*Asks:* 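Provided herewith is a single structure, encoded as structure tokens, for subsequent inquiry.
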Amino acid sequence: MICLLILGGMVLASCTRGDVVVADFEQANYAGWTVQGEAFGNTPVVGAVGNQLPVAGFAGKCLVNSFHGGDDARGELLSPVFTIERDYVNFLLGGGMGEGVCVALEVGGKRVYETRPVVESETLQWYSWDVKAYRGQQARVRIIDNQRGGWGHILVDQIEMGDRAKSVIVPDYEMTFPITQKYLLVPIEDKGPESQVVLWQDGEKRSETLYIRVAQTQVDYWMPIDVETFKGTELTLRFQHVKTTDIGYPQIHQSDAYEFNYQEPYRPAYHFSPYYGWTNDPNGMVWHDGRYHLFYQHNPYGSMWANMHWGHAVSEDLVHWQHLGDALAPDSLGSIFSGSAVVDEHNTAGFGRNAIVVLFTSAGKRQTQSVAYSTDGGRTFTKYEGNPVLTDPDIVDFRDPKVFWHETTRQWVMALATSQTITFYASPDLKSWHKLSAFGDGIGSHGGVWECPDLFPLQTPDGRTKWVLLVSINPGGPNGGSATQYFIGDFDGRTFHADDLPYPLWVDYGRDNYAGVTWNNVPDGRRVFMGWMSNWDYANQVPTVNFRNAMTLPRDLSLRHNGEHLVLAGMPVHETGTLRGQVVEYGTLHVSSKRENIADLLPDNEGCFELEMVLVPNGAAQFGFGFTNSRGDYFDYTFDKQAGTLAFDRRKAGLSDFSDKFAMQVKAPLVACDEYRVRLFVDKASVELFVNDGELVMTNLLFPREVFNSMVFFSSDLVHWMVKEFKVWPLGK
Ligand code: FRU
């Protein structure tokens, strides 16, 4: 009985024992701490310093912030000596993850812990040191910022001792699975941070770091890790760190099937989209042995940008695609950024006659160019052992090689994005490259970094050969964000000279056609283009689930005269004709009031259709057409001859709250004409408009809540105008 009482008394004592505060940094100075260097200033601060992002998650009013003098400033803080009186030291920590920043615990003059944030963040979170072994000993805390450059700062607050660890962070967390099935299924939360994980087998590293948004608070969807090759062995997932509160890790499990809702509402019906996961740029487009190959920037572990692989699909008609597995995965040189493919007919590289050779950017610490090849028609690819084949010590943005055979000089030519210029290189064998020239200073749009070039010849309407240079730029597009500009000129195998035209000129004046390039090696002199149908302004936020983003329709490019000057025109390839169902012919409409409606545009409209018509404005200065649905969603095109603009308005076209950059008016310059020939392709989440045989193109995304099946024609004045040769086709698979 006496024993019990004593025991009870002890438990009570340890429950009520409070935390001991080592430092709360609430005073107007560093109260007894030794300050060295610039980075920590002279006092704790109330939050962010200078132009720092907002700082959150600290206790009380003030914290330690080493952003004084920016990221480059360095310094150190050393606490007074204190005695360790509890089992744990808990503290709040944030800032950068670099080697040069840390909080250290020194006991008896020896460093026993050195801790740095596990994520780069201006939000502090709890970390804990287990100090049971040091109870009763003398200790000091040292806060170090010896790191320059991005995230070269540290945030610390509320250092206290207690009998409980406050941190929920578990560094180096491992999960081991005896592999019996094809996939490991991982629950994903798009708005959560990326976890870093490496696959290990028998003590050997079997993957590069994968960046996966393992669910922390809710499961948005699942992604598979293909573990087929590990069957019959034990596979360990080693996470850089996890939190004990994350709900996702315990749910990771094996499965032979990966099932998901492929037909989610905004899955395009006839545009190329990845089977699952994220895509951006189309890559490595090449025709080989009767098939069009399309590779694409692909994240197979989530629907947001990360882990760049090359996804792969093939088609015989550019419209119906067969998904193949990923062709290239990240390696020790980096992840696989954009690039191109050629058919090496004469075996210049020595990989084999007619090998498909791909050149891509290895995006590691630096961007360099690498080579891989396939001798089985694109089924499998081998990376060249001499990679990388092209490096530059100075240029940071050094990427997206587009390679083609230049017949006149009998050499391979590469167009490469180099900061805000395009640099041309040449090679006899696709492996050794030398610089030819650079283009871009003082011409065109320079609102952002230059990316994804392409250079190819086209015939002018009067039969001359001209060279077209495509350059994608982000930001700086005509309607904001990303867009692709072009130059028309001459290329002699060494230098590109641009003709005198009113640059910048844009491949597409819509918001959603970026990083587009053309297929190599297509027969019959065709020049077929495809772009990424999105915009970096909101590509990671668009409201889809298991996949994100799609490609534009493939388009035949040509040079045309638009009445003012030569332009690059793009029209959907004729193969899109195979998608057409039963035509509905409207013939000629006379628009004599300010609004004329067509209530039911198509029977059984599933939201995918093509429309063709000729608009004859007569005297109308401002006229156009729009679409509505039963939910009141609406978008329209307004031709304004007076202002010389064509405006597209998707502000009320459906979902737009995922980004404040999405719902806006989009404008293009309009040439004055007596008639405008219009073709419009509507899919589940996009509209592509082609005016006058593709002299003016606008590609835009929209996310309607219901199928658009009503049309309206309008004009600003009571002028009688006309719509001729008006036809609509439902489009299917
Ligand atoms: C263009 C781009 C390319 C790069 C790729 C990375 O959208 O930034 O320059 O190679 O995306 O995914």
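Note that the structure is predicted; figures quoted are calculated from it, not measured. Starting from 1, each residue takes its place in the sequence as its number. As the structure lists them, so they are numbered: ligands from 1, and atoms in each ligand from 1.
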*Asks:* Under 3.5 Å, is there a donor-acceptor pair between the side chain of Ser427 and the main chain of Ser432?
*Replies:*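 Such a contact is found between Ser427 side chain and Ser432 backbone.
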*Asks:* What is the nearest protein non-hydrogen atom to atom 8 (O) of ligand 1, stated with its residue, atom name and distance?
*Replies:*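 Scanning the protein heavy atoms, the shortest distance from atom 8 (O) of ligand 1 goes to Glu451 OE2, 2.9 Å.
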*Asks:* Which atoms of ligand 1 sit under 4.0 Å from any heavy atom of Arg399?
*Replies:*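 It comes down to these atoms of ligand 1: 3 (C), 4 (C), 9 (O), 10 (O).
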*Asks:* Whether the side chain of Thr391 engages the backbone of Thr368 through a donor-acceptor N/O pair (distance < 3.5 Å, no angle test) should be reported.
*Replies:*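 No: the side chain of Thr391 does not pair with the backbone of Thr368.
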*Asks:* Go through ligand 1 atom by atom and flag the ones less than 4.0 Å from a non-hydrogen atom of Met308.
*Replies:*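 Under 4.0 Å from Met308, ligand 1 has these atoms: 12 (O).
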*Asks:* I'd like to check the salt bridge (Lys or Arg N to Asp or Glu O under 4.0 Å) partners of Asp190; sequence neighbours left out, ordered by chain and number.
*Replies:*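 Asp190 satisfies salt bridge (Lys or Arg N to Asp or Glu O under 4.0 Å) with Arg548 once adjacent residues are dropped.
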*Asks:* Donor-acceptor pair, distance only, cut-off 3.5 Å: does the side chain of Glu189 make one with the backbone of Gln216?
*Replies:*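 Side chain of Glu189 to backbone of Gln216, a donor-acceptor pair under 3.5 Å: yes, one is there.
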*Asks:* Counting only heavy atoms closer than 4.0 Å, does ligand 1 sit against the backbone of Trp532, its side chain, both, or neither?
*Replies:*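 For Trp532, no heavy atom sits under 4.0 Å from ligand 1.
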*Asks:* Specify the protein heavy atom at minimum distance from atom 6 (C) of ligand 1: its residue, its atom name, and the distance to 0.1 Å.
*Replies:*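 I find the closest protein heavy atom is Gln297 OE1, 3.2 Å.
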*Asks:* Among all the protein's non-hydrogen atoms, which is closest to atom 2 (C) of ligand 1, and how far away is it?
*Replies:*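 Going atom by atom, the protein heavy atom closest to atom 2 (C) of ligand 1 ends up being Asp281 OD2, 3.3 Å.
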*Asks:* To the nearest 0.5 angstrom, please state how far the OG atom of Ser362 sits from the CD1 atom of Ile336.
*Replies:*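 Result: 5.5 Å between the selected atoms.
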*Asks:* Could you say whether the N/O atoms of Tyr514 and ligand 1 ever approach to under 3.5 Å?
*Replies:*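 No - when backbone and side-chain N and O of Tyr514 are compared with those of ligand 1, no distance drops under 3.5 Å.
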*Asks:* Determine whether any heavy atom of Thr361 lies closer than 4.0 Å to an atom of ligand 1.
*Replies:*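 Distance cut 4.0 Å: Thr361 fails for ligand 1.
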*Asks:* State which residues pass salt bridge (Lys or Arg N to Asp or Glu O under 4.0 Å) with Lys383; sequence neighbours excluded, sorted by chain then number.
*Replies:*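 Here the qualifying residues are Asp331.
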*Asks:* At less than 4.0 angstrom from any non-hydrogen atom of Ser338, what atoms of ligand 1 do you find?
*Replies:*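 Reading through ligand 1 atom by atom, the close ones are 5 (C), 10 (O).
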*Asks:* Salt bridge between Lys431 and Asp429, side-chain N to carboxylate O under 4.0 Å?
*Replies:*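 No salt bridge links Lys431 with Asp429.
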*Asks:* So, taking the atom named CG in Asn283 and the one named NE2 in His312, what distance separates them when rounded to the nearest 0.5 Å?
*Replies:*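 Taking CG in Asn283 and NE2 in His312, the distance rounds to 11.0 Å.
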*Asks:* Just to confirm my output: which protein heavy-atom neighbour is closest to atom 10 (O) of ligand 1, and how far is it?
*Replies:*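 Of every protein heavy atom, Asp400 OD1, 2.6 Å lies nearest to atom 10 (O) of ligand 1.
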*Asks:* I need the atoms of ligand 1 closer than 4.0 Å to a non-hydrogen atom of Asn280, numbered in the order shown.
*Replies:*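 Contacts of ligand 1 toward Asn280, numbered from 1: 5 (C), 6 (C), 7 (O), 11 (O), 12 (O).
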*Asks:* Check each atom of ligand 1 against the heavy atoms of Trp536 and keep those under 4.0 Å away; list them by number with element.
*Replies:*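 Listed by number with element, the hits are 1 (C), 7 (O).
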